[in-house]
Every structure is written in C-alpha cells, then in structure tokens.
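Have a look at the structure below before the remarks.
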Amino acid sequence: MLQPGRTKYRKQFRGKMRGKSKGSQVSFGDYGLKSLGRGWISANQIEAARRAITHYTSRNGRVWIRLFPDKPITQKGAGAPLGAGKGDVVGYVCVVKPGKVMFEIGGVEESIARRALGLAASKISLKSKIIKRK
C-alpha cells in the first residue's frame, strides 16, 4: 500500500475540494484514465486498480500511477465519547478533482489498454473516462 515515508504533521484537516485539477493531459503513456468527479481515493483503491491493470495486460507495456495518497484520514474508536479529541490515523487518501489523469498505460494495443483501464475504473469510487494521447 502507498503511504508517505514521513509527514510534517501526523493529522490534517479534511479541507475543501474546489476547482479543477492540474495534470489533465496524458503525458507519459498512450492511454489514460481521467476523473470526471471529485473525491478521495484511498491507497487500497489505487493498489486494487494497479493490480487489475497489470493482471489484464499480463505485465506487458508500462503503467504510470499519477496519484499518491498523502492525506491522512483519522477515525475515532467505537466507544469514544464526544470531546475526546481527534481519532487515530487509519489510512491515507489522495484528493482527486475533475480532470485529473489518474492512470496511464503505454506499449499495449488499444483494445487491451481500454479493457484494462475499464477494470481499473471499476475499482475506483469516482466517475471516469478513458482518453487517448493527442
């Protein structure tokens, strides 16, 4: 699972998800999976999508992951009373805004790339579309 090696602060505020994303073009591969919605994608979802892509392509070609989960998510214990402070870190997420290219594939045929990215899209909780390099 992806997570930062070290962070300046252990816990973060939830923050806002306003605006459009940077990184909206396919830069490295030939095909990409572009986000249409906004939200959080967990490290588990990124890993599941990566595994789906590499399994379907039979490890041919190259995969680029353009996300990194660097935002810690906290959760209080089951019996914690109100006023007991912020909970412990349970995982990391990546904030995704509309237009962000999340995954890229290169070196495989178009039909294989589209199917592999479609499988990856099913592992992620946001609407997305498959795009081709211009």
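- Around the NZ atom of Lys129, the shell of radius 6.0 Å holds no more than 12 heavy atoms that belong to other residues, nucleotides or ligands.
- Within the 4.5 Å cutoff, no side-chain heavy atoms of Ile53 are placed close to those of Leu119.
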Please assess Ser128 against Met102 for the test side chain to side chain contact (heavy atoms under 4.5 Å, CB included), listing each intermediate value before the final yes or no. CA-CA 9 Å; Ser128 57; Met102 300 178 285; 4.0 Å; yes
Kindly determine whether Leu117 and Ile105 satisfy side chain to side chain contact (heavy atoms under 4.5 Å, CB included), including the steps that lead there. CA-CA 8 Å; Leu117 289 172; Ile105 297 181; 3.8 Å; yes
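- At most 12 non-hydrogen atoms from other residues, nucleotides or ligands lie less than 6.0 angstrom from NZ of Lys132.
- Atom CG of Leu33 is separated from atom CG of Leu126 by 9.5 Å, given to the nearest 0.5 angstrom.
- Follow the hydrophobic side-chain contacts under 4.5 Å out from Ile130 and you reach Ile112 in the same cluster.
- The backbone N or O of Lys86 lies less than 3.5 Å from no partner atom in the side chain of Lys76, so there is not a single donor-acceptor pair.
- When side chains are defined from C-beta on, Pro72 counts as touching Val89, because their heavy atoms get closer than 4.5 Å.
- Within the 4.5 Å cutoff, the side chain of Thr74 has no heavy atoms near those of the Asp88 side chain.
- No path of Ile, Leu, Val, Met, Phe, Trp and Tyr side chains, each step under 4.5 Å between heavy atoms, connects Val101 with Ile46, placing them in separate hydrophobic clusters.
- The distance from atom CG of Asn44 to atom OH of Tyr92, rounded to the nearest 0.5 Å, is 13.5 Å.
- Annotation for Glu109: atom CD does not count as buried by contact number, only 12 or fewer foreign heavy atoms lying within 6.0 Å.
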Glu47 vs Lys123, side chain to side chain contact (heavy atoms under 4.5 Å, CB included): CA-CA, chis, key distance, verdict: CA-CA 9 Å; Glu47 177 64 12; Lys123 306 292 182 192; over 6 Å; no
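- The environment of NZ in Lys11 is crowded: more than 12 heavy-atom neighbours from other residues, nucleotides or ligands sit within 6.0 Å.
- Contact check for Val93 versus Ile41: no side-chain heavy atoms found under the 4.5 Å cut-off.
- The nearest pair of heavy atoms linking Thr57 to Ala116 is CG2-CB, 3.9 Å.
- Residue Pro98 comes nearest to Leu36 through the heavy atom pair CB-O, 3.8 Å, listed as atom of the first residue, atom of the second, then distance.
- Remark: side-chain polar atoms of Ser58 are not paired, donor with acceptor, to backbone N or O of Asn60 under 3.5 angstrom.
- Under the 4.5 Å side-chain criterion, counting only non-hydrogen atoms from C-beta, Phe68 is not in contact with Cys94.
- Hydrophobic clustering of Ile, Leu, Val, Met, Phe, Trp and Tyr side chains at less than 4.5 Å, counting indirect connections, unites Val63 with Val108.
- Sorted by first and then second residue, the salt bridge (Lys or Arg N to Asp or Glu O under 4.0 Å) pairs with a member in residues 56-75 read Arg66-Glu104; sequence neighbours excluded.
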Stepwise side chain to side chain contact (heavy atoms under 4.5 Å, CB included) check, Met17 with Trp40: CA-CA 9 Å; Met17 288 188 271; Trp40 287 346; 4.0 Å; yes
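- We find the NZ-NZ distance between Lys100 and Lys20 to be 15.0 Å, quoted to the nearest 0.5 Å.
- Side chains of Ser24 and Lys34 form a contact here, defined as non-hydrogen atoms less than 4.5 Å apart.
- From Arg10, atom CZ reaches atom CD of Gln12 across 12.5 Å, with rounding to the nearest 0.5 Å.
- Between Ala43 and Leu2, the shortest heavy-atom distance links the atoms CB-O, 3.4 Å.
- Between Val96 and Arg38 the shortest side-chain heavy-atom distance does not fall below 4.5 Å.
- Within a 6.0 Å radius of CZ in Arg133, other residues, nucleotides and ligands contribute more than 12 heavy atoms.
- Side-chain atoms of Phe103 and Ile124, non-hydrogen and from C-beta on, do get closer than 4.5 Å to each other.
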